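Each chain gets a letter, A, B and so on, in the order the sequences are listed, and its residues count up from 1. As the structure is a prediction and not an experimental result, all values here were calculated from the model.
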Amino acid sequence: MAKKKPTKTEELLRNSDKSLPLLDVQDLTVEFVTRRGIVRAVQHINISVAKGESLAIVGESGSGKSVTSYAVMRILDRAGRITDGTVMFSGIDLRAMPENEIRDLRGREMSMIFQSPRLALNPIRKIGRQIEDVLHQHAQVDSGLVSEKAIEMLEHVRIARPRERYHAYPFELSGGMCQRVVIALALACKPQLLIADEPTTGLDVTTQKAVMDLTVDLTRERGMSMILITHDLGLAAAYCDRIVVMEKGHVVETAQAERIFKAPSHRYTRKLMRATPRPGVTLRDLLPEEEAKSARPIGHTDRHAAKPLLVVEKLVKEYPRNDARGTLTKLFGPRPAVEPENFRAVDGISFTVDRGESVGLVGESGCGKSTTSMMVMRLIDKTAGTIMFDGEDIGEIPARKFATLPLRKRIQMVFQDPTDSLNPRFTAARAIADPILRLGNGERAFVRERCEELARQVGLPVELLDRFPHQLSGGQKARVGIARAIALKPDLIVLDEPTAALDVSVQAVVLNLLQDLKDSLGMSYLFVSHDLNVVRLLCDRVIVMQTGQIVEQGPTDQVLVAPQAAYTRDLLTAIPHPPL
Amino acid sequence: MLTLISRRMMLVIPNLIGVVIITFLLTRALPGDPAAYFAGPAADKQAIEQIRVKLGLDKPLIVQFGRYVADLGHLNLGNSLTTGQPVLTEIKNRLPASAELTLFGLILSMSIAVPLGILAAVKQGSWIDHTCRVVATAGVSLPVFFTGLLLVYVFYFLLGWSPAPLGRLDVFFSPPPQITGFYLVDSLLNRDLSTFRAALSQLLLPGLTLCIFSLAPITRMTRASMLAVLASDFVRTASASGLDSRTVILTYAFRNAMLPVVTTLGMVFSFLLGANVLVEKVFAWPGIGSYAVEALIASDFAPVQGFVLAMAILYVLLNLIIDVLYGIIDPRVRLET
Amino acid sequence: MTDISLSPHGAAAAKAQSNSIFRHARYVVAENPVTGAAFGLFILIALCALIGPYVVPYDPLASDTSATLASPSFKHWFGTDQLGRDIFSRVIVATRLDFTIAISSVMLVFAMGGFAGIAAGFFGGWTDRIVGRISDTIMAFPLFVLAMGIVAALGNTVTNIVLATAIVNFPLYVRVARAEANVRRDAGFVQAARLSGNGDFRILLMHILPNIMPIMMVQISLTMGYAILNAAGLSFIGLGVRPPTPEWGIMVAEGAGNIISGEWWIALFPGAALMIAVFCFNLLGDGLRDLVDPQRRT
């Protein structure tokens, strides 16, 4: 394919006034037609991005931040449309542009990367070919050179052995690698604007750092502008010049990154800012000012008097390797290379949890922290080792039998996804009552009273008790889950990323609630998390896991301030640091 | 690719074993006397006893099974009572007629259903989409024998466009020399256009009947999977990188959308092979389906058993082809070794 | 359920829920009036099955040599067949038999396949392997052909038609139930139920089954149509129902020969009845699916 003659838009772009902002959004309103009528996802917002500038749009779920970016790219789905405002790109009105012309701009002048990189690539096309498709489309290179150019792009995004990887399919690459390919795809035609929509959600913190560093380096190198869309204020401040804060479809504040942190002017920004967990603050600092003042001081665990409640020694969990081959193939098929039959998810770990203590179990995905917590919960059986709970070896009791033992009452759990962990057919009251009805003794007659008491304890309005999960908000569902976990006054609660699915402001409230409950009920927590900033706030001690083993454990202050293990240091430096 | 095929072949074996066991059980675990079944309704006591000894039905079940398997190994499916011919020979002779009809119907239906499904998904909410939905729901509701009869009434009786629904070829024509057994192909190979036209005119109505029957599931699946793929993240990425809609729809969406469609083909074949029996009866088509129906009415059991077995083996092989086809499209299946 | 004591507002909550289901149902019907029409049609068919034999104008078995092969008229709405039997009466009376065959086979396979599938999905391991092998083996046959084989082998009776239809539907039910149970097996609420002291059996009954039920209802409605077609197909080729019993499939078969001589009504009316019944169940199934799962709309 020969190089195309420059189109009218291209000429316009070349000759545009250099002093104009690259992207100028004025008074943008986007509406969606839904079953419940028309919903305004974005209302009269103004955003502008200068050439070479990086801008972050920050907001919680439903703030309209992603919709804004889709509207700019004009890739809203069928139900959505721009009803008001202008979108000017280098002085060209994107809103008025016919579809075939704007298609030509996409990928060449402005491109976009999305969250969940693995899904963003065509699963059955070689990654090299996918990059070529974009190059071909915009006639950037002569067809003879196009695969060389694609390989060069893979090299640019620091993919090792790009010539081989050219032939790889997305499923053969890790999540971080896929995101690099998506970046290569987006930058292949040297656009002037890159929109990154939550590009690192779902990636581990170290991968997140690598991907963000790469994106910022490449965009700076090429003098591009970037819009980063994220829910993470810390990430936004660490990588962007300016921040736009959105709430419920409105822009509430636009300011330089430092300013947002030092002197947030809008009430909502302040709330969001405060709620973001960061070093040097206490749990109470996360709450809005008014509430923080009225909250009780955090109680302190008297660790000297405490004796271990949970002692885990040399715990091992092995899974058979995922083997798709059937028995027949095993018998007749070619012999595979010798490799261990089993995969060790948890590889001989030992730790203790004292009474009244809160222990954080941290690590990246696949490190074995969830498997460990499931074994402690007695939901799955161990392969080897002991789990002593209050002097009793509960590791020996098969998981199936454990469900109906009286001991079950004493170890409970709060789950990661509040929606998934509630039976859609049970009301909140029924969900909270379930453990009482099954394991409680003598309380049956007063179940309702007990449910109401628990609801008050977790701050769930009593009148919501008769609602079904789909009628409750995320935070309310989280409270129901917590109420259910404390219903039987357990000694130990395993918290499996209890706030990972929640917005930061809700997270702040839930974390404080957990702290208060621990103080008033004297429970111990095993807190499983990938977020060191959250662990720092809630935990007395921290255990850091990597590939099934413990790399470091100790008091929170010590581990997170002066880490001994290199891996812990990596984790800590990977957390985005806002410019404070 | 070869590893994929050989791996799929391995998976076929347990299925074939299952098929053999079931067909065996169907004949031996009958509530009545299997010897009486095989001997037919006209046989007297002595004849039944003869059959019993001949088939080894006086021996223990496991011995009978061994014998059954051995017979299958020698490709011996027994003899038909009504015609006296070996069942295998008759099935072999009649199979091309059934295969030609089924394939014709399927190809016809694929060539309508797939584009229709894609168009409906791409232009969601348009009149094509509505047509597609009506076709999809109405199509599965039509009893295939009823569609056949309606077509005969309209095109033969009312309009007179179509020849009488009696077999593969009008009596005035002689079948082309057998090469593939498919009259359409053979007549073309023989450069005999008039026979080709005659064969086609006979095939058109039954083929159309099967086409209408299988149109619904394929359209429905194509539309649904195309819709799902069009809403997927990678299609959004593709359009955000400015690829033109032709590339997005054909290179990105279509190939991915074909995966569930290919899987559905297995189910479609299952229905199609069953519907084939009914269509053959309506159009007096001399295939294995009408052979089985004639045998059923005459309580002639060996052909029925042979027919069930042949159909099952055919179906297992078709599924094998579908699996391999799937592997060709999807690298994830191909490379997972 | 034990929650009678649990909630003073229990009745109110239940009412609120049923209200919301009702409202949602009304919404679905309003959005898609076809579903409403299908429901009306279903009532009509059910009515025919219930009281049909008592209200038809003629005895469905009585032949009338003076009026053979009469085309539809005011006297015989759907005409008469070779023996002069009134086709309208026969079509209406046949509803009961076809309906009974379909319902009993669907109930049978729902009990067998649903149970086996849920157990396979929930317990996994050997249960899963055995159930999977059984349904794979059934699936190795073209379903209608297997049904033919079963009826031919077990004997040519209506009961065996029911049984054969149930058996060939078995894998479809297993697949749906297994998949649904399997995704819920490790769902948070199932684990939470285990932590609350529920044993496996209780979890299946109280937590998994109620959540799978709606999807199984859709499956029932969708396979009802297939069951009717299957049974009619078998009787069309001369299996199961014997003449002169009025049944749609066999009536079409009886009229098949007359099509080429132009007496269309003998086959058309029973065939149309068959088609309408199946159409009705398929539409209902689609409507139910919308009701249960708005995302999986087609």
Worksheet item: Which residues in residues 123-133 of chain A have any heavy atom lying under 4.5 Å from a heavy atom of chain B?
Response: A:P123, A:I124, A:R125, A:Q130, A:D133
Discussion item. Applying side-chain hydrogen bond (donor to acceptor under 3.5 Å, both in side chains), can you list everything that pairs with A:H231, at least two apart in sequence or on another chain?
Written reply: A:E198
Practice prompt. Report the residues that fulfil side-chain hydrogen bond (donor to acceptor under 3.5 Å, both in side chains) with A:R163, sequence neighbours left out, ordered by chain and then residue number.
Written response: A:E148
Discussion item. Within residues 306-320 of chain B, which residues come under 4.5 Å of chain A, heavy atom to heavy atom?
Written reply: none
Looking at every non-hydrogen atom in both residues, tell me the closest pair between [X] and [Y] and how far apart they are.
X: B:F234; Y: A:N122; answer: CB-N, 3.5 Å
X: A:R106; Y: B:A240; answer: CB-O, 3.3 Å
X: B:R236; Y: A:I75; answer: CG-CD1, 4.2 Å
X: A:F171; Y: B:P331; answer: CZ-O, 3.8 Å

Worksheet item: Just by distance, do the side chain of A:H138 and the backbone of B:S241 share a donor-acceptor pair under 3.5 Å?
Response: yes
Worksheet item: So, the side chain of B:T237 versus the backbone of A:A120: is there a donor-acceptor pair under 3.5 Å, distance only?
Response: yes
Discussion item. For a 4.5 angstrom cut-off between non-hydrogen side-chain atoms, does A:E99 reach B:S245?
Written reply: no
Fill in: A:L119 vs B:S232 side-chain heavy atoms within contact, under 4.5 Å
no
Worksheet item: Among B:G242, B:A253, B:A231, which residue forms the greatest number of heavy-atom pairs with chain A at distances under 4.5 Å?
Response: B:G242
Item to complete: Between chain A and each of B:T247, B:L259, B:T251, count heavy-atom pairs under 4.5 Å; write down the option with the most.
Response: B:T251
Worksheet item: Non-hydrogen atoms of chain B under 4.5 Å away: do they reach the side chain of A:A186, the backbone, both or neither?
Response: neither
Discussion item. With rounding to the nearest 0.5 angstrom, report the CD to CG distance, A:Q115 to B:D233.
Written reply: 8.0 Å
Discussion item. For the CG atom of B:D244 and the CD atom of A:Q137, what is their distance to the nearest 0.5 Å?
Written reply: 4.0 Å
